[in-house]
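Note that the structure is predicted; figures quoted are calculated from it, not measured. As a basis for the values below, the full set of heavy atoms in this structure was taken, side chains included, without hydrogen atoms, waters or symmetry mates.
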Amino acid sequence: MRTPSHRPCGYQIRTRRTLRHAIGATVAASAAVVALVAPAVAADAVDAVDVAQRNQPAGGGGAAEPDTTIHAGATTAQERNRINGYWTPERMKLAGALVPEITPVPEDDNTPDDPRPLPADTPDSGAVWTHNGAVVKNVGRLFFTFSDGYDGSCTATVVTSANRSTVVTAAHCLRGVGSPSADDTWNHNFYFVPGYRNGTKPLGGFTVRTMATSSHWNVDPDTTASSDVAAAGYDSAFLVANPATGGRPLADVTGSQRIGFSQPVEGEFVHAFGYPNYGLNDPEDKYVGSRMIHCAGTTHPGPKTPLLWGETCDMSPGSSGGPHLAHFDTRTGTGTVVGVTTTDEELAGGQAPMLYATRFGDSAHRLYDWAQSR
């Protein structure tokens, strides 16, 4: 089943202007759920993003360079230990549930692994990735807690970098639009679990030391929506992970995927990975975040959001931030990350089912350069 029109295909964004969403007859969860990418983005909305960025003072740690807003994560041993203890197996399994208090803990997905490599250029509209390779080590679930106290998750990827600690995801997984110094702009309790599988941490869990998004997210939420910023091409973000116990950098544990900033090519064959989990909230959706899901196909720009490029894929919320890889070798599980999941066809257009990515451009390159130098 595809996601309802009021939910983004990545992860739901909770804005500063919260709503109460009724669940069943009597239960409500606080959160504003907005479409990640509007069906069409007016030119004046995109202009508002640019004007607001130019006029917005730096905050939340300041801007390291133009178009880069940084935010501190877990910088002390006490905070790292607290977050590590917070993310228990049950809490990870229920991340993304609108009402975790009444949501059953999902059963494990025991789909057998297949040691045979997937034949190259095989289209896939959505299935558990069973073919191993490097991708099962350097892609994982990114957990966090919203300002209202509810837990969520996205997908993130370790990319090759100078500091061997850089992770890429979607900006809306880290924050909403608004002042970067406001308490409810950023999520917290960030925790990256590479190779996540059925509530386990095969390679350990990693807290986040610092992070960065485009300063285009620093706009006034009363005048500019998160969907406008995402559709304008600014939905990529980078994290710098704290080292593993014993001091090993993240990439020394997981390996990494290459990252590229080239222009998208119509019809290029792209592989996408993610941890969709909307089945926690809708029993007709088949994904609950237990295993990594794979899609593959030729990529095309969104009819309603031409800066976003996608391929056939039925992933649901939780897949946001997941990598879209070009030149992917199905024998080794390696490729080049050229974008991160932002939305689906209900918002970006195209023939269902589709999954669209923010492709990396100059803004993403500046964020990456900042992150790998930390």
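Note on Tyr278: it does not cluster hydrophobically with Leu280, by side-chain heavy-atom contacts below 4.5 Å among ILVMFWY residues. A continuous path of Ile, Leu, Val, Met, Phe, Trp and Tyr side chains, each step under 4.5 Å between heavy atoms, connects Met92 with Val139, placing both in one hydrophobic cluster. With hydrophobic clusters built from ILVMFWY side chains whose heavy atoms lie under 4.5 angstrom apart, Val158 shares a cluster with Phe206. Hydrophobic clustering places Leu250 together with Leu142 (ILVMFWY residues linked when any side-chain heavy atoms are closer than 4.5 Å, directly or through intermediates). There is no path of hydrophobic side-chain contacts, each under 4.5 Å, that joins Val338 to Leu367.
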Worksheet item: Given Thr341 and His324, is the side-chain hydrogen bond (donor to acceptor under 3.5 Å, both in side chains) satisfied, shown in steps?
Response: CA-CA 7 Å; Thr341 294; His324 290 229; 2.8 Å; yes
Fill in: side chain to side chain contact (heavy atoms under 4.5 Å, CB included) between Phe144 and Cys154, worked out
CA-CA 8 Å; Phe144 49 83; Cys154 280; 3.8 Å; yes
Practice prompt. Applying side chain to side chain contact (heavy atoms under 4.5 Å, CB included), run through Val340 and Phe360 and close with a yes or a no.
Written response: CA-CA 8 Å; Val340 291; Phe360 299 147; 3.8 Å; yes
Item to complete: Take Trp217 and Val229 through the side chain to side chain contact (heavy atoms under 4.5 Å, CB included) test and state the conclusion after the steps.
Response: CA-CA 7 Å; Trp217 286 81; Val229 184; 3.5 Å; yes
Item to complete: Applying side-chain hydrogen bond (donor to acceptor under 3.5 Å, both in side chains), run through Asp109 and Thr111 and close with a yes or a no.
Response: CA-CA 6 Å; Asp109 184 330; Thr111 302; 2.6 Å; yes
Worksheet item: Hey, mind stepping through Ser153 and Arg141 against side-chain hydrogen bond (donor to acceptor under 3.5 Å, both in side chains) and telling me if it holds?
Response: CA-CA 7 Å; Ser153 75; Arg141 284 184 79 176; 2.7 Å; yes
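Closest approach of Pro202 and Pro194 over heavy atoms only: CD-O, 4.0 Å. Residues Ala326 and Glu268 approach most closely at CB-OE2, 3.5 Å, considering heavy atoms. Between Ala230 and Thr358 the shortest heavy-atom distance is O-OG1, 4.4 Å. Contact record, Ser179 with Thr185: O-OG1, 2.7 Å, taken as the closest heavy-atom pair. Heavy-atom minimum distance, Ala371 versus Asn163: O-ND2, 2.9 Å. Of all non-hydrogen atoms in Ala95 and Gly152, the two that sit nearest each other are CB-O, 3.8 Å.
Although no hydrogens or angles enter the test, the distance criterion places a donor-acceptor pair under 3.5 Å between the side chain of Arg175 and the main chain of Gly178. No donor-acceptor pair under 3.5 Å is formed between the side chain of Ser125 and the backbone N or O of Cys313. A donor-acceptor distance shorter than 3.5 angstrom exists from the side chain of Asn281 to the backbone of Leu98, with no hydrogens or angles considered. The main-chain N or O of Val99 is found under 3.5 Å from a side-chain atom of Thr103 such that the two form a donor-acceptor pair. Panel note: side chain Asp235, backbone Ala171; a donor-acceptor pair is recorded below 3.5 Å. Under a 3.5 Å cut-off, the side chain of Thr224 and the backbone N or O of Pro221 do not form any donor-acceptor pair. With hydrogens and angles ignored, the 3.5 Å screen pairs a side-chain donor or acceptor of Tyr356 with a backbone N or O of Gly349. Within the 3.5 Å criterion, the main-chain N or O of Pro115 finds no donor-acceptor partner in the side chain of Asn132. A donor-acceptor pair is defined here as one N or O able to donate and one able to accept, closer than 3.5 Å; such a pair exists between the side chain of Asn81 and the backbone of Ala77. Formation of a donor-acceptor pair under 3.5 Å by the His188 side chain with backbone atoms of Thr145 is found in this model.
Counting non-hydrogen atoms of other residues, nucleotides and ligands closer than 6.0 Å to NE2 of His365 gives a total above 12. Atom CD of Gln351 is surrounded by 12 or fewer heavy atoms from other residues, nucleotides or ligands within 6.0 Å. Other residues, nucleotides and ligands contribute more than 12 heavy atoms inside 6.0 Å of the NZ atom of Lys201. Within a 6.0 Å sphere centred on CZ of Arg82, heavy atoms belonging to other residues, nucleotides or ligands number more than 12.
The distance from the CG atom of Asp108 to the CZ atom of Arg197 is 9.5 Å, given to the nearest 0.5 Å. Thr213 OG1 to Leu239 CG: the interatomic distance, rounded to the nearest 0.5 Å, is 10.5 Å. A distance of 6.5 Å separates CD of Glu311 from CG of Leu355, quoted to the nearest 0.5 Å. Going from atom CG of Leu308 over to atom CZ of Arg359 covers 11.0 Å, rounded to the nearest 0.5 Å. Phe190 CZ to Trp87 CH2: the interatomic distance, rounded to the nearest 0.5 Å, is 10.0 Å. Atom OG1 of Thr298 sits about 10.0 Å away from atom CG of Asp121, to the nearest 0.5 Å.
The aromatic rings of Trp129 and Phe328 stand perpendicular to each other, their planes meeting at an angle above 60°, with 30° marking the opposite boundary. Between Tyr368 and Phe261, the ring-plane angle classifies as tilted under the 30° and 60° cut-offs. The aromatic rings of Tyr275 and Tyr196 lie perpendicular to each other, with more than 60° between the two planes, well past the 30° mark.
Side-chain polar atoms of Asp113 and Thr130 form no donor-acceptor pair below 3.5 angstrom. At a cut-off of 3.5 Å, with distance as the only test, no side-chain donor of Thr160 or Arg258 sits close to an acceptor on the other residue. There is a side-chain donor-acceptor pair under 3.5 Å between Glu266 and His300. Looking only at atom types and distance, the side chain of Tyr234 has no donor-acceptor partner in the side chain of Asp67 under 3.5 Å away. For the residue pair Gln257 and Asn138, a side-chain donor N or O sits within less than 3.5 Å of a side-chain acceptor on the partner. Residues Asn84 and Tyr191 bring a donor and an acceptor atom of their side chains to less than 3.5 Å of each other.
Of the residues Thr330, Asp329, Val135, the one that meets the side chain to side chain contact (heavy atoms under 4.5 Å, CB included) test with His271 is Thr330.
A cation-pi arrangement is present between Arg91 and Tyr86 under the rule of less than 6.0 angstrom and at most 45 degrees off the ring axis.
Between Arg291 and Glu107 there is no salt bridge, since no side-chain N of the basic residue sits under 4.0 Å from a carboxylate O of the acidic one.
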